[in-house]
Amino acid sequence: QVQLVESGGGLVQAGGSLRLSCAASGRTVSSYTMGWFRQAPGKERDFVAAISWTGGDTYYADSVKGRFTISRDNAKNTVYLQMNSLKPEDTAVYYCAVKNPASSSSWSRDLAYMYWGQGTQVTVSS
């Protein structure tokens, strides 16, 4: 079993930056693809970014491409999401997740992920 704890969320003005962290415990996640998703009030949970276990491959939703950067430190069992040029529409609860290596679903589908954190709130004011 893996426990994931997100941190780094908060209130920021439009154009500002935040860095989210996702610390894993219980077992190492260094050999797993990791992802970030977000859910705004009244909306479905959406894919934000994913990173391969080596960190060599990254994927982003079109809405965040060029503004967000996903990275990982396997020695610390931690994944990060650097968010720059934040917009009010980025307001959501952000979740990190561990991809199920046996899943055939796309990296962008939440069905592909087997462990989830509790989320951290990001609020961007205009």
Heavy-atom neighbours of Glu89 CD exceed 12 at 6.0 Å: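 Counting other residues, nucleotides and ligands, CD of Glu89 exceeds 12 neighbours.
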I'd like to know if the side chain of [X] and the backbone of [Y] have a donor-acceptor N/O pair within less than 3.5 Å.
X: Ser108; Y: Ser106; answer: no
X: Arg72; Y: Ser52; answer: yes
X: Thr91; Y: Val124; answer: yes
X: Asn74; Y: Trp53; answer: yes
X: Ser103; Y: Asn100; answer: no
X: Asn77; Y: Val29; answer: yes
X: Gln39; Y: Glu44; answer: no

Hydrophobic cluster membership, [X] vs [Y], 4.5 Å side-chain cutoff:
X: Val48; Y: Val79; answer: yes
X: Leu18; Y: Tyr60; answer: yes
X: Leu81; Y: Tyr113; answer: no

Minimum side-chain heavy-atom gap Ser7-Thr120 below 4.5 Å: no
Test item: Leu20 and Met83 side chains (from C-beta on) under 4.5 Å apart, heavy atoms: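 They are in contact (side-chain heavy atoms under 4.5 Å apart), so the answer is yes.
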Looking only at heavy atoms, which two atoms of [X] and [Y] are closest? And how far apart?
X: Ser126; Y: Ala14; answer: CA-CB, 4.4 Å
X: Ser85; Y: Arg67; answer: O-NH1, 2.9 Å
X: Thr58; Y: Gly55; answer: CG2-O, 4.3 Å
X: Ser71; Y: Ile51; answer: CA-CD1, 3.6 Å
X: Val2; Y: Ala24; answer: CG1-CB, 4.3 Å
X: Gln82; Y: Ser17; answer: NE2-CB, 4.0 Å

Any donor-acceptor N or O pair under 3.5 Å, side chains Thr78, Asp73: no
Short side-chain donor-acceptor distance under 3.5 Å, Thr123 and Gln121: yes
Pair Lys65 + Asp62: basic N to acidic O under 4.0 Å: yes
Cationic tip of Arg45 above Trp116 ring, under 6.0 Å, 45° of axis: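 Pair Arg45/Trp116 counts as cation-pi.
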Cationic tip of Arg38 above Tyr95 ring, under 6.0 Å, 45° of axis: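 The answer is no, since Arg38 fails at least one limit relative to Tyr95.
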Aromatic contact, Tyr32 with Tyr115 (centres under 6.0 Å): no
Set of residues satisfying ring pair (Phe, Tyr, Trp, His ring centres under 6.0 Å) with respect to Tyr59, sequence neighbours excluded: Trp107
Parallel, tilted or perpendicular: rings of Phe68 and Tyr94 (30°, 60°):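 Tilted, since the angle between the ring planes falls between 30° and 60°.
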